[in-house]
Structure formats: C-alpha cells, structure tokens
Visitor: 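So that we are looking at the same thing, I have put the structure below in structure tokens.
The chains referred to below are lettered A, B, ... by the order of the sequence lines, with proteins before strands, and numbering in each begins at 1.
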Amino acid sequence: MRTEEIRDHLQSLDSSLRLRIVLESLLVENPEDLARAVRALKSSPRLKIDFLSSVTAADYLDFLETVYHFYSVELRIGPVVLRARTRRDDPKIPSLCGLFRSAELQEREAYDMFGIRFEGHPDLRRLFMWDNFEGWPLRKDYVQEDSDVLESQDLAWLEKNSIHVSQELKTRALDLQARGLRADAQRPAAEGPANSGAP
Amino acid sequence: MAKKESRLGVILAHAPNVSAIDEGLKSELSKKGVVVTTLNHLYNWGRSSSIWPMQFGLACCAIEMIATACARYDMARFGAELFRASPRQSDLMIVAGTVTKKMAPQVVRLYNQMPEPKYCITMGACAIAGGPFIDGYNVLRGIDRYIPVDVHLPGCPPRPEALLHGLMQLQKKIESQEIEKTAWYQKGLKREYPVPEFGPRGLIPKFNPEVWQPRAKDNRKERYGEPILIGKKIKAPDLDAETLRRASGGPAK
Amino acid sequence: MKNKTDTPLTEDFDTQTLQINVGPQHPATHGVFRMDLTLDGETVVRLKPVMGYLHRNHEQIAENMTYAASMPYTDRLDYFNSMSNNFGYALAVEKLAGIEVPERADYIRVILAELTRIVNHISVIGFLLNDLGAFFTPLTYAFREREKILDLFEEIAGSRMMCNYFRFGGVKRDLPPGLLERIRTMMDVFPRFLDEFEALLTDNDILCLRCQNVGVLGRELALNAGLSGPMLRASGLGYDIRKVDRYSIYGRFDFKVPVGSKGDVYDRYYVRVLEMRESLKILDQALRQIPSSGDIISRKAAPFLKAPRNFKPPVGEAYGRVESPKGELGFYVVSDGSPQPWRYHVRAPSLINLTVLEDLCIGHKLADAMVILGSIDIVLGEVDH
C-alpha cells in the first residue's frame, strides 16, 4: 500500500486523526493522537499491524521526533512508518507500551538518549547510563567531558581519599575553575553550546 | 632383575651465589637425579606455569579469549587454562574488551578483590586506551587510568596467538621477579586502588594520578593525522521541504 | 508476639524473599549483563535486567563520521556475526543512496551471511550447554567447527572476527581463488559434525529434562513484544525476513523456515539446529549459481571506496533490515545531504528479545533462568550498542 492510501485508510477509520505525509512516513500532527493512530493501525482489517519493530528518536534542533516502524506479520505488510514531533524544552510523547510491549526497552532507550518522557510508560528510567547521569547524550548540543583534565570535584574526591595530586594538575584544574569553565572536549560552556543552531 | 629406582632430589639453596654453580657440575648432578636450583627460580617457575586467569569477559575480545582456551590454541599448554569465576581464586585479570565508564568501578573492585600476587593484562585496543570507541561519552580511555597493568596487548581484537604471546611475556615478567624484593612480602603493603564513583557527566575522578598521568602534550593529531570524526553539525535536514520537493518533482539540492 | 524459632516447619512458615544480584561479572550472563533477581527459595519471582555496562556509544560515534567509517563499528555490534551486521548497514545505506548491487557481489554476500549464521548458531548451542552445566566440553567442539569457518573469513576479509568486508554497492574485494572449493569441503564435513552433535544432544535425557517446558513463550506475547529470529520462530510463527522481504537475492533460493511448536528452550535449541541445515541448503544452491566472474562493486559506488568523504546520499531516510542470526537487525539512517549521517540508529534484536526475559523466568528456578537467558541468545555488544 502506498503512503497516501494508508493515510486515507487511517482517516476513514478515525476521522479526527490529523496525518501528514513526510517522505514515506505519516506524521501524527498532534502527538496526543499517537496511541489512537496505532490503535487504528492494529484494528484495521486491511493492514492488521501486529509487530512494532523499531522505536527511535531524533533531534532536529527545533524539535524532537520519534519514529516508529510497524509491520504486519500476518499479512506480510510493511514497514508502515509513523512519526510524532514534540517540543525540545519539555518533550512529551504518549507511550505505546500498552499496545506493544516491544516499546518498553526502546522507549527507555530513547528517554535515556534524548530525554523524551513517554507518558504512561510503566518503568521509565535510564536504560544504559547510570541514574544520576545528567544530560541527553544523543542530542546534538550535548557536550561531553574532557577526560584528561581534572576538575574541582575530582580534586575534592582525590583529597578525601588522600591521593597525591601533582601541582601541575592542580593548577590546571583550579585555573579552569577560576575562569568558570568546564573542561569540555569541544569548547567551554561560557561560549555557549557547541551547536549554535540549537534553540 | 634389579629394580630400577628413580629418585629425584632437589637441593634448594637460598644463597645468592648458587646460580653461579658450575654448569658442568649441574648437569652431572641432574643425571644422578639431583637438581640444583635457587628458591627464587623454583618459586617463579611454579607461579609462572600455573597462572589462573579470571573468567571475565567484557566484549569482543572475550570471544577470542574463549577461543584461546579452546582446543585449537589450547591455553592449557602454558598452564593457564583454569579460568576462575571468582576474583578471590585468580592470579591474572585479562581485561578483554571495552571498559565503559559504567563498568570501570566494577573492574577496579574486581582487581582489588584478587589476592596478591596479581597481574593484569589489557587485551585489545579498547582496554588499553579506548580503541575505536575512544570518542564515546561512556567509554573509559584505558583501564590503566585506575589500576596498574603488566602487559598491554594491542589488536582489535588480538588473535589468540597474540594472547598466548602476551601470556608468555607475563611469564617472563614473573620469572624476573625476586622473592626478596616482591611487593607482596613487604611490610605495610597497600594495593587497594580507590574505586571511582559515578558523577553527573562521567567518573569521579577522571583518573588516579598515582597510577596514570596525562601526557604533557596531546600529539595524537601529529602522529595519526586528521581525526576520523568530522564534528558536529548545526543545520538539521528539513524533511518536510524534501517531501514537498519530491511531490512537486523539483530539482534535488 | 510469636517466637519465630519455635514455629514448626508448616505451610504457614513465615519466609522472606531474597534479593540477589547476578552480574555484571558472572560466568553465565554472556558478558556484562546484570540481572536483579528476587527469589522465593529458589524460584524467581521478579527479575529486572540492568544493562549499559557495554554501552559504547555506537550511535553517537556513527553520527560524527562518514558513512563508510561506520562499517567497522557494525562488526563490533554483534561480534559473532560481523558479516550479517555489515549486510544490514550496507542495505540501509544502499536504499538511502539508491545503489544497486552487482550479481556476483550479492551471491558473495549471501554465502558469507549464511556461513555467519552457522558460526553463530553453533556457538550459541555451545554456550547454552555451558549454562546447562556441561561445562566447556560441548563448547570446545562447537568452537572447533567455528574455527574452520573463521579461517575462511580470514582468507576472504583478512580478519577472523571483525571482517569489515561489505561496502556500499558490493564487497571490498573478490574472493581468493579456490575459496569456493574450500567452502564446499567445509560443507561436506559440517553435516557429519552436526549429526554427531545432534546424536549426543537432541535426544539426550538431561537436555530434554532441563529444556522442555522451560521458559515457554506464547505466540501472542512473542509477537507483541517484538521478538524476532529463532525466538519468534520457536514460538510457532514462521516469520523470516529472508522470505518476507526477499532482500538481496534470497528470493532465488529454496529453503524452509523451521518453526517450533511450544516455544520452550528446547524448541529454541532445535530451531537453531534446523536453521543450520537450511543454511547449508542455501549455501549449496548459492555455490552452484554464483557467476564465475563479474563486478563485485557497483560502478556508481566504486569511486567512494577511496574517497568516503565524497559520499553524500541525498536528503532522506531509510530503514534496512536483515534476518541476522539473532533476529531482525535494522538500521535506521537519516541523511541531510552531507558526508555524515544526521541520525543513525540500530534496531538491536538482542536488546528487544530481552523484553520478555522476566515473563519467561518467573516461576522457574534460578538455574533455569540462566538457561533461558542462554536460549535467548544475547550478545552484549548489540544489547548495549
């Protein structure tokens, strides 16, 4: 089935759905409708979508986007691609865990990497990184630490554990601290995020 | 018929000049079943030919480690086939694979739990310095930032032959140690390495300055040329515009 | 208050559940996987997988380098099957850039992907038996056969494990002379080994007792939880992407899709054995059909071999998926018209197959939980990518 046909078919099943074609996928214009769109896909006798293959997200600087690849195992149809967009400063997308359990770990992964809160997810925690990790590493403006330069919290820790630190390393760390800079791989925080196009 | 007796006598001399004993006399004695050796040599011979590695695989290199233990490469020939699952029973930690920041505290803790004398081989580029994943936000750039390493074993992954070679290098190192000077018989031995903690952006501390120090000058670029990473981008692709372009049949950008 | 020590051992004896941690350093977790278990006696009542101990930032690194430079990183995803991973990534990028693959290259790809499947399945069965308590001996036999195939890979690609052999639009170099005959020799010997292996295992009482009716996975749950590969097929659904998508040239081969009936550990074991036999069938046909000469890389893609920074696929997105030995391996790539992808995502079958781990293990003994984990066939490089 072509994308236009799928759109018309879905809208005939649920007339309030607003769908827009983006490349070969369907953008659910209002992310709140995502679960309804998926329910329509599942219940459609022509599509019989029963397999959620991939859930992922992407950062487009102005907004965050989630992308879903659906298949029908019974009718050998696919992929039917849905996408939904959300604001970057407070990203929220309804979770699909209730409809497809395969979303469980993948939504957690998207949360871990992009910070998108999947509402209704039973156990939304970081999947790969530790719990007190800060930041969303796959967003384009994430700046990672420079692992060769000690920072003030490192110095404090080393002192607490009575480990000798050479004067040179200390000076470098204190110098950075005095200038209010973070030791970053790309550029210091004072100059703004590495990505000037980011909102 | 006279019964042939086989006897073996070992004379241990804990004297510095025993190795200076005449080679001819040594071989003459050994024909009679008497071996003259130093305690040092016997001690090191025993240790180096029965190394018990820890069964501890992190990533890809662990599969090559298993292959080394299997029939074809047969690590048992070097007395190191007894992989122990517990650090308390092992002499050697083969850090086989990428050490991530999330895993590094556990690796250091495992090393601390091993009894003396203990050795460490880093297997593969990742464990040495981060390898191909060096630019990742969760990848530790080498386990030698937190614990001392005896043998570095480059490769991605090293072939089983390379692991055997690394093991033999370690055996050489063991054989060169002297019982009177070894650290683990000295008073006040403290070989517990502090376990790093999880911080908001990485591990705290970033390295243990008593074990590892950053190079004064980063000459990676001079040695290896331009980095493979291109860098971050500032303009996102406009998929909506591309959709419209395709629909109208406009020219590709 | 009742004194607990005086209470006789009756049914209402007050017991507590026990929480234990398995991993990340544990011989039965196949790497650095960690399980947070709650046990009632020896029975699992709760299981939470904890991962990320091998999170190597594959996606972040791939988004910061050229398309071609990510190819060796895909090798290290599922480090048993570098060829299958290459295949998936090559398919996705070829879809994105609209590159056709020459026929001979397609045959080489299929031959290597099927050899990889055999390598994977034989190793998995070895590791599964490790978990069952047959420590190391079956694995030694499995690795003996694996080494024979790795020798072929080394001859083809130059490396045993990390082959990095596929390129967009073809493969890196032609097969060395006489290689097809050596594959044929390997194929003549392998069924005998498999027969021997099966004679020892398939009807083995201990294996049957430990595996049958353990970790039963229903068809609906398997589908709903997005399981794929031998896991899904063992549950009775004959869904094989090689048959469904007919990607590359899989449409030309005649092979069956083995399907289990119950979905227990035994079925997962046996489906893999049968899949190896089907792979041999595909190999046999491919070796007979492969054209003796021809291009190994498409004309359109050949210039980018030496100049990867000039390879700029048009703006768009593509999702390429293959039937890797672990399941559906998908690559989602978004291009912004520059030499590096804007978004690069791996749909890792090992990770998604872990969704049902808790459901499978609850109610079983702790020792069975290890076997169930072994039968899911995870590789941490792919789980954590």
Visitor: Among C:E317, C:K48, C:E328, C:R321, single out the residue with the greatest number of heavy-atom pairs under 4.5 Å to chain A.
Guide: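 Greatest number of close heavy-atom pairs with chain A: C:R321.
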Visitor: Where is the tightest heavy-atom contact between C:Y67 and C:P313, given as atom of each residue plus distance?
Guide: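 In terms of heavy atoms, the two residues are closest at CE1-CD, 3.4 Å.
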Visitor: Taking heavy atoms only and a threshold strictly under 4.5 Å, list by residue number the residues of residues 11-39 of chain A that touch chain C; give 'none' if the list is empty.
Guide: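 The stretch touches chain C at A:L23, A:S25.
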Visitor: Is the shortest side-chain N to carboxylate O distance from C:R343 to A:D59 below 4.0 Å?
Guide: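 Salt bridge flag = no for A:D59 with C:R343.
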Visitor: Check whether C:D359 gets within reach of chain A through its side chain, its backbone, both or neither, counting any heavy atom under 4.5 Å.
Guide: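 Side chain of C:D359 only, per the 4.5 Å heavy-atom cut-off to chain A.
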Visitor: So which residue, C:V383, C:L223, C:L232, C:L237, ends up with the most heavy-atom pairs under 4.5 Å with chain A?
Guide: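 Top count of heavy-atom pairs under 4.5 Å with chain A: C:L223.
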Visitor: Could you give the distance from CD1 (C:I376) to NZ (C:K326), rounded to the nearest 0.5 Å?
Guide: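 One finds 12.5 Å between CD1 of C:I376 and NZ of C:K326.
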Visitor: Heavy atoms only: give me the nearest C:V44-C:A369 pair and the separation to one decimal.
Guide: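 Distance-wise, the nearest heavy atoms are CG2-CB, 4.3 Å.
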Visitor: Would you say that C:D384 contacts C:L351 through its side chain, given a criterion of any heavy-atom pair below 4.5 Å between the two side chains?
Guide: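 Heavy-atom side-chain distance check fails, nothing below 4.5 Å.
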Visitor: Which label fits A:F133 and A:W130: parallel for a plane angle under 30°, tilted from 30 to 60°, or perpendicular past 60°?
Guide: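 Answer is perpendicular, since the angle exceeds 60°.
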Visitor: Contact part of C:L227 toward chain A, heavy-atom cut-off under 4.5 Å: side chain, backbone, both or neither?
Guide: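 The backbone, not the side chain.
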Visitor: Out of the candidates A:Y111, A:Y142, A:F128, only one should pair with A:W136 under the ring-ring contact (aromatic ring centres under 6.0 Å, His included) rule; please name it.
Guide: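 Single ring-ring contact (aromatic ring centres under 6.0 Å, His included) partner of A:W136 among A:Y111, A:Y142, A:F128: A:Y111.
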Visitor: Output the option from C:E220, C:K243, C:H385, C:M51 having the highest count of non-hydrogen pairs under 4.5 Å with chain A.
Guide: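 Most heavy-atom pairs within the cutoff with chain A belong to C:M51.
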Visitor: Identify the residues of residues 247-262 of chain C whose heavy atoms come closer than 4.5 Å to a heavy atom of chain A, ordered by number, or report 'none'.
Guide: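 Residues of residues 247-262 of chain C touching chain A at under 4.5 Å: none.
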Visitor: Sort C:V50 into side chain, backbone, both or neither according to what part of it lies under 4.5 angstrom from a heavy atom of chain A.
Guide: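 Neither part, no heavy atoms under 4.5 Å.
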Visitor: Would you say A:E159 has more than 12 foreign heavy atoms packed within less than 6.0 Å of its CD?
Guide: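 Not more than 12 within 6.0 Å, no.
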Visitor: What I want to check is whether the side chains of C:N86 and C:D75 have a donor and an acceptor closer together than 3.5 Å.
Guide: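 Yes - a donor-acceptor pair under 3.5 Å links their side chains.
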Visitor: Applying a criterion of heavy atom separation less than 4.5 Å, what residues of residues 89-108 of chain A form contacts with chain C?
Guide: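 Listed by number: A:L99, A:F100, A:R101, A:S102, A:E104, A:L105, A:Q106.
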Visitor: Shortest non-hydrogen contact from C:H30 to C:G374?
Guide: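 Here C:H30 and C:G374 meet closest at NE2-CA, 3.7 Å.
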Visitor: Is a salt bridge present between A:R125 and A:D131, judged by a nitrogen-to-oxygen distance below 4.0 Å?
Guide: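 The answer is no: the pair does not qualify as a salt bridge.
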Visitor: Name the member of C:V356, C:L354, C:V244, C:N57 that forms the most heavy-atom pairs with chain A at distances under 4.5 Å.
Guide: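 Most heavy-atom pairs within the cutoff with chain A belong to C:V244.
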Visitor: Is C:E323 salt-bridged to C:R233, going by a charged N under 4.0 Å from an acidic O?
Guide: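 Yes.
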Visitor: Residue by residue, scan residues 47-56 of chain A and write down, ordered by number, those that have a heavy-atom distance under 4.5 Å to chain C; if none do, write 'none'.
Guide: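 When heavy atoms of chain C are the reference, residues 47-56 of chain A contributes A:D50, A:F51, A:L52, A:S53, A:S54, A:V55, A:T56 within the under-4.5 Å range.
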Visitor: Would you say A:E119 has more than 12 foreign heavy atoms packed within less than 6.0 Å of its CD?
Guide: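 Yes, enclosed.
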Visitor: Fit a plane to each ring of C:Y319 and A:Y71, take the angle between them on a 0 to 90° scale, and name the class: parallel (under 30°), tilted (30 to 60°) or perpendicular (over 60°).
Guide: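 Tilted: the ring planes of C:Y319 and A:Y71 meet at 30° to 60°.
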Visitor: With a 4.5 angstrom heavy-atom cut-off, could you sort out which part of C:E59 is near chain A: side chain, backbone, both or neither?
Guide: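 Contact with chain A is through both the backbone and side chain of C:E59.
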Visitor: Going through the distances and angles, do C:F331 and C:H345 end up as a ring pair (Phe, Tyr, Trp, His ring centres under 6.0 Å)?
Guide: CA-CA 6 Å; C:F331 286 86; C:H345 173 71; 9.3 Å; no
